[in-house]
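Following: one structure in structure tokens, then a few remarks.
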Amino acid sequence: GAAQVFDRAYVFNQKEHNYALVTVESLVGDDNRLKEEYLLHRGRDGWTMLRRYGASIEDVRIKGVGTFAFDSTYKWKLKKKVTPAWSEQPFELHVSGEEDALTASRIVFVKEIIDNAAFKPAFETHVFRLYTETIYPEFKPMSDDEQVEWADCYPMISIPGDIWKLFGKKRSLYVDNYDEFRLATDACWDPEHGLTMAVKHWKIER
């Protein structure tokens with residue numbers, strides 16, 4: 001499109017109209033329409049592109065999954081939380097990458113992540129062992145006063161199916177490509193950092 005006069009020049013402490021916005025439209029990812037605005041400056045030597053001023057993509061609705069929204073800072077995110085077949089709790093779902101990240105292969109993998117109930121035993125067993133063998137033992141050496149203070153943060157669990165009581169309300173999945181995703185969730189024993197792990201080819205690589 002043709003460059004339009006940028007009428008907010010006061011933001012840049014300029015009184016003369018030597019800034020302009022140019023709009024560029026293109027197709028990215030799985031034929032999604034991207035609209036970008038670039039901030040230009042006109043000097044003695046012609047136009048100089050300063051920075052991308054904004055970017056937007058219309059929401060993308062995927063049957064059986066939901067609607068993805070794009071944000072130029074936070075990228076692709078499913079508008080509603082989703083509870084995968086292997087989880088007892090809902091997660092936010094993000095697709096990592098830039099504007100072109102929501103490809104057909106990523107969408108296929110997103111559906112697989114949501115539907116793969118077979119991952120549940122492996123996930124529960126992994127977290128159960130991590131907690132009972134590495135994390136919970138940190139609670140035992142604490143003094144009596146510390147144990148009283150931290151008791152709610154280190155509940156005792158006896159079976160892998162109990163791991164869901166260890167997680168907080170903030171849970172997210174990040175789809176990095178067509179065969180790998182990351183999981184991040186609040187955890188009672190570490191409110192600041194929580195629990196993170198990577199899953200590749202459906203194998204946990206934490």
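Computed from heavy atoms alone, side chains included, the values below leave out hydrogens, waters and symmetry copies. Note that the structure is a prediction, hence the values are computed from the model and not measured.
- In summary, Glu98 and Arg52 do not engage in a salt bridge, as defined by a charged side-chain N under 4.0 Å from a carboxylate O.
- Closest approach of Ile204 to Ala122, counting heavy atoms only: CD1-O, 4.1 Å.
- Residue-environment remark: CH2 (Trp150) stays at or below the threshold of 12 foreign heavy atoms within 6.0 Å.
- No donor-acceptor distance shorter than 3.5 angstrom exists from the side chain of Ser87 to the backbone of Thr83, with no hydrogens or angles considered.
- Taking hydrophobic clusters as Ile, Leu, Val, Met, Phe, Trp and Tyr residues chained together by side-chain heavy-atom distances below 4.5 Å, Tyr174 does not share a cluster with Ile114.
- Residue Leu173 is grouped with residue Phe167 when hydrophobic side chains (ILVMFWY) are merged at heavy-atom distances under 4.5 angstrom, including chains of intermediate members.
- For Gln147, the CD atom sits in a packed shell: over 12 heavy atoms of surrounding residues, nucleotides or ligands are nearer than 6.0 Å.
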I'd like to know whether Arg33 forms a side-chain contact (heavy atoms from CB on, under 4.5 Å) with Leu27, so could you lay out the CA-CA distance, the side-chain angles of the two residues, the decisive distance to 0.1 Å, and finally the verdict.
CA-CA 5 Å; Arg33 293 188 175 277; Leu27 293 177; 3.6 Å; yes

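- Panel note: side chain Glu146, backbone Ser143; a donor-acceptor pair is recorded below 3.5 Å.
- Counting heavy atoms from C-beta outward, Asn116 and Pro84 have side chains that stay 4.5 Å or more apart.
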CA sep, side-chain torsions, deciding dist, call: Leu183, Phe91, side-chain contact (heavy atoms from CB on, under 4.5 Å)
CA-CA 9 Å; Leu183 179 150; Phe91 282 80; 4.0 Å; yes

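- Note: Lys81 NZ to Arg171 CZ = 6.0 Å, rounded to the nearest 0.5 Å.
- Only one option out of Leu130, Ile163, Asp190 pairs with Leu195 in a side-chain contact (heavy atoms from CB on, under 4.5 Å); it is Leu130.
- Taking every heavy atom of both residues into account, Lys80 and Val65 meet most closely at CE-O, 3.7 Å.
- Hydrophobic clustering places Phe128 together with Met156 (ILVMFWY residues linked when any side-chain heavy atoms are closer than 4.5 Å, directly or through intermediates).
- Across every non-hydrogen atom of Lys75 and Gly97, the tightest pair is CG-O, 3.1 Å.
- Remark: aromatic rings of Phe139 and Trp189 are distant, center separation not under 6.0 Å.
- Hydrophobic clustering, with ILVMFWY side chains joined whenever heavy atoms are under 4.5 angstrom apart, groups Met197 together with Tyr136.
- The side-chain heavy atoms of Glu92 and Lys77, taken from C-beta on, include a pair separated by under 4.5 Å.
- The shortest side-chain heavy-atom distance between Thr23 and Lys35 falls under the 4.5 Å cut-off.
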Walk me through whether Asn32 and Phe70 qualify under side-chain contact (heavy atoms from CB on, under 4.5 Å).
CA-CA 11 Å; Asn32 302 314; Phe70 175 79; over 6 Å; no

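- Aromatic ring centroids of Phe181 and Trp202 lie under 6.0 Å apart.
- Counting heavy atoms from C-beta outward, Tyr19 and Leu39 have side chains that approach closer than 4.5 Å.
- Within the 4.5 Å cutoff, side-chain heavy atoms of Val60 are placed close to those of Trp76.
- In this view, Ser26 and Val28, Leu34, Glu36 satisfy the side-chain contact (heavy atoms from CB on, under 4.5 Å) rule, not counting sequence neighbours.
- Counted within 6.0 Å of CG on Asp59, heavy atoms from surrounding residues, nucleotides or ligands total more than 12; the atom is thus considered enclosed.
- A salt bridge links Glu88 to Lys120: at least one charged side-chain nitrogen sits closer than 4.0 Å to a carboxylate oxygen.
- Note on Val108: it does not cluster hydrophobically with Leu93, by side-chain heavy-atom contacts below 4.5 Å among ILVMFWY residues.
- Between the side chains of Trp86 and Glu124, no donor-acceptor pair is found at a separation under 3.5 Å.
- The OH atom of Tyr154 sits 7.5 Å away from the CD1 atom of Ile135 when rounded to the nearest 0.5 Å.
- In plain terms, the two heavy atoms of Lys111 and Lys63 that are nearest each other are CE-O, 3.7 Å.
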Phe123/Val199 under side-chain contact (heavy atoms from CB on, under 4.5 Å): CA gap, chis, key distance, verdict
CA-CA 10 Å; Phe123 176 70; Val199 181; over 6 Å; no

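- The backbone N or O of Ser96 lies less than 3.5 Å from a partner atom in the side chain of Arg106, making a donor-acceptor pair.
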